[in-house]
Asker: 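Before I ask anything, here is the structure I am working with.
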Amino acid sequence: MGKAKKRRDRNNDGYVFILPAFIYMIVVLGYPLVYNLVLSFKNVDVKNLTKGGAIFIGFENYAHLFKDPTFLLVLRNTFVFTIACLVFQFTIGFAFAMFFNQKFRLSGPIRGMILVSYMMPMSVTGLLGKNIFSANGLINNLLGKIGIVGPEWLVTGSTALIAVIIMNCWVGIPFNMLLLMSGLTSISQDVYESASIDGANWGQKFLHITLPLMKGSIMAVLMLGFIYTFRAFDLMYIMTAGGPLNATDVLGTYSYVRSFTQFKFSEGSAIAMVLFACLFVIGLLYLKMLAKEDD
């Protein structure tokens, strides 16, 4: 009886310690999320925001969005931007991680220089990208030196999204490299030595040792990369403001424009909830994969 009471007392002490964090989550994260969800089911705009005359209209905002060609374009842009960035960031980041995992004299300094782009604020990266891809910027100047007339990167729909993807990859590659290197360093060199004794070549070691042992790290990197990229906002807003003609608009920028430029607050909230729903589904899939791996 005494042991059970002590166990309950310890549990109660634990609840006391986690209570501040729980209250913080409810106030700072839970309340805005619920308020945004409720707002998406109303018809709040600049006319009735202060008067409180908004009425409940159910899923009308969502139905209107999925019939809107601009929203469908923005949704497509978001997935294209996210998948393209993930592919390039992960592939190049993994290659860098494998390279810098080798021991050579300048490995540390060069790796530190590469990390500078990740440490920059995204607003600075956006301004830098805007200058690099401007009509008279660095890219077009370099192309001009070899006799190629560079395009108007940020004012042409077919190239604006490419420019934004390149700048986002410039930030994301060091992040992927850093996380993947931590996974590589956790693999014992004895495993590779044993494989070498058995006659395994580099490709066989990579396929049958490195990839399987780094499965957890790879899943975590891809999941974090998807979340950070899918909810991107500041890079696009600074470089192109979503233009030209919504060519670089993603869910984050489009929600902001609908809410605070066009003052259609309910539609902006509905777009934000679509963004949240996509990330929520991806998070559930990730947790399911983790549960399967544990089993």
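Just so it is clear, the model here is predicted, and its values are computed rather than measured.
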Asker: Same cluster or not: are I26 and Y24 linked, directly or through other Ile, Leu, Val, Met, Phe, Trp or Tyr residues, by side-chain heavy atoms under 4.5 angstrom apart?
Answerer: no
Asker: If only atom types and distance count, is the side chain of Q204 paired as donor or acceptor with the main-chain N or O of N201 below 3.5 Å?
Answerer: yes
Asker: Can you tell me how the ring of F100 sits relative to the ring of F96, calling it parallel under 30°, perpendicular over 60° and tilted otherwise?
Answerer: perpendicular
Asker: Would K205 and S196 count as a side-chain hydrogen bond (donor to acceptor under 3.5 Å, both in side chains) here? Give the steps.
Answerer: CA-CA 8 Å; K205 291 177 187 177; S196 297; 2.5 Å; yes
Asker: Between F71 and Y254, what is the ring plane arrangement, given parallel below 30°, perpendicular above 60°, and tilted in between?
Answerer: tilted
Asker: Begin from the C-alpha positions of V164 and M167 and carry the test side-chain contact (heavy atoms from CB on, under 4.5 Å) through to its verdict.
Answerer: CA-CA 5 Å; V164 175; M167 290 308 299; 6.0 Å; no
Asker: If you apply the rule side-chain contact (heavy atoms from CB on, under 4.5 Å), what do you find for M214 with I187, and how did you get there?
Answerer: CA-CA 8 Å; M214 286 192 64; I187 302 175; 3.7 Å; yes
Asker: Kindly indicate whether the side chain of M181, heavy atoms from C-beta on, has any atom under 4.5 Å from the side chain of R111.
Answerer: yes
Asker: When you measure from the side chain of D68 to the backbone N and O of T70, does any donor-acceptor pair fall under 3.5 Å?
Answerer: yes
Asker: Search all heavy atoms of P244 against all heavy atoms of G157 and return the closest pair with its distance.
Answerer: CG-N, 3.6 Å
Asker: Any side-chain heavy atom of I110 within less than 4.5 Å of one from I114?
Answerer: yes
Asker: Walk me through whether F94 and F206 qualify under ring-ring contact (aromatic ring centres under 6.0 Å, His included).
Answerer: CA-CA 12 Å; F94 206 162; F206 180 75; 5.7 Å; yes
Asker: So which atom in F66 and which in L75 form the shortest heavy-atom distance, rounded to 0.1 Å?
Answerer: CE2-CD2, 4.3 Å
Asker: Taking T156 for its side chain and S158 for its backbone only, find out whether a donor-acceptor pair lies under 3.5 Å.
Answerer: no
Asker: Do I23 and V16 share a hydrophobic cluster (ILVMFWY, side-chain heavy atoms under 4.5 Å, transitive)?
Answerer: no
Asker: Can you confirm whether M113 is buried at CE, in the sense that more than 12 heavy atoms of other residues, nucleotides or ligands lie under 6.0 Å from that atom?
Answerer: no
Asker: Atom CG of D249 and atom CG of L73: how far apart are they, to the nearest 0.5 Å?
Answerer: 8.0 Å
Asker: Does any N or O in the side chain of S194 come within less than 3.5 Å of the main-chain N or O of D190, such that one atom is a donor and the other an acceptor?
Answerer: yes
Asker: Once rounded to the nearest 0.5 Å, what's the spacing between atom CG of L284 and atom CG of L279?
Answerer: 11.0 Å
Asker: Kindly indicate whether the side chain of F133, heavy atoms from C-beta on, has any atom under 4.5 Å from the side chain of M239.
Answerer: yes
Asker: Between CD1 of I282 and CG of L222, what distance do you get to the nearest 0.5 Å?
Answerer: 11.0 Å
Asker: Main chain of G137, side chain of S134: is a donor-acceptor contact present, judged purely on distance under 3.5 Å?
Answerer: yes
Asker: Show your reasoning for whether side-chain contact (heavy atoms from CB on, under 4.5 Å) applies to I132 and L128.
Answerer: CA-CA 6 Å; I132 289 175; L128 185 63; 3.8 Å; yes
Asker: Measure the acute angle between the ring planes of F59 and F41, then classify it against the limits of 30° and 60° as parallel, tilted or perpendicular.
Answerer: perpendicular
Asker: Donor-acceptor pair, T248 side chain versus G243 backbone, under 3.5 Å?
Answerer: yes
Asker: Any chance you could measure T253, atom OG1, to N246, atom CG, to the nearest 0.5 Å?
Answerer: 8.5 Å
Asker: Tell me whether F88 at atom CZ has more than 12 heavy atoms from other residues, nucleotides or ligands lying less than 6.0 Å away.
Answerer: no
Asker: More than 12 heavy atoms of other residues, nucleotides or ligands under 6.0 Å from CZ of F56: is that the case?
Answerer: yes
Asker: Search all heavy atoms of I209 against all heavy atoms of A195 and return the closest pair with its distance.
Answerer: CD1-CB, 3.5 Å
Asker: Going through the distances and angles, do S269 and S40 end up as a side-chain hydrogen bond (donor to acceptor under 3.5 Å, both in side chains)?
Answerer: CA-CA 5 Å; S269 297; S40 70; over 6 Å; no
Asker: Should F276 and V34 be counted in the same cluster of Ile, Leu, Val, Met, Phe, Trp and Tyr side chains packed under 4.5 Å apart?
Answerer: no
Asker: Flag yes if F230 and I83 sit in one hydrophobic cluster, no otherwise; membership is Ile, Leu, Val, Met, Phe, Trp, Tyr, and two members link when side-chain heavy atoms are under 4.5 Å apart.
Answerer: no
Asker: Does some side-chain heavy atom of S117 sit less than 4.5 Å from a side-chain heavy atom of P174?
Answerer: yes
Asker: Is the shortest side-chain heavy-atom distance between L235 and T125 below 4.5 Å?
Answerer: yes
Asker: For M236 versus V250, what's the shortest heavy-atom pair and its separation?
Answerer: CE-CG2, 3.4 Å
Asker: Mark yes or no for whether N61, through its side chain, and K42, through its backbone, hold a donor-acceptor pair below 3.5 Å.
Answerer: yes
Asker: Check whether the ring centres of F175 and Y228 lie less than 6.0 Å apart, and answer yes or no.
Answerer: yes
Asker: Is there side-chain contact between M98 and T210, with at least one heavy-atom pair below 4.5 Å?
Answerer: yes
Asker: Could you state whether I55 and L39 fall into the same hydrophobic cluster, counting links through intermediate Ile, Leu, Val, Met, Phe, Trp or Tyr residues with side-chain heavy atoms under 4.5 angstrom apart?
Answerer: no
Asker: Taking the side chain as everything from C-beta on, heavy atoms only, tell me whether I227 gets closer than 4.5 Å to R231.
Answerer: yes
Asker: Taking the inter-plane angle between the rings of F226 and F79 on a 0 to 90° scale, is it parallel (under 30°), tilted (30 to 60°) or perpendicular (over 60°)?
Answerer: tilted
Asker: How far does NE2 of H64 sit from OG of S266, to the nearest 0.5 angstrom?
Answerer: 11.5 Å
Asker: Can you measure from CG (L180) to OG (S217) and round to the nearest 0.5 angstrom?
Answerer: 7.0 Å
Asker: Taking all atoms of both residues into account, what is the closest heavy-atom pair of C85 and N168, and its distance?
Answerer: SG-ND2, 3.3 Å
Asker: Check step by step if side-chain contact (heavy atoms from CB on, under 4.5 Å) holds for N36 and M273.
Answerer: CA-CA 8 Å; N36 191 78; M273 292 311 301; 3.1 Å; yes
Asker: Would you indicate whether the side-chain heavy atoms of D45 and E267 approach each other to under 4.5 Å?
Answerer: no
Asker: Got more than 12 heavy atoms from elsewhere within 6.0 Å of CG, L285?
Answerer: yes
Asker: So, applying side-chain contact (heavy atoms from CB on, under 4.5 Å) with M122, which one of D234, L127, I238 is it?
Answerer: D234
Asker: Within the distance-only criterion (no hydrogens, no angle test), does the side chain of N140 pair as donor or acceptor with the backbone N or O of N136 below 3.5 angstrom?
Answerer: no
Asker: Looking at every non-hydrogen atom in both residues, tell me the closest pair between I218 and F90 and how far apart they are.
Answerer: CG2-CZ, 3.7 Å
Asker: When you measure from the side chain of S186 to the backbone N and O of G183, does any donor-acceptor pair fall under 3.5 Å?
Answerer: yes
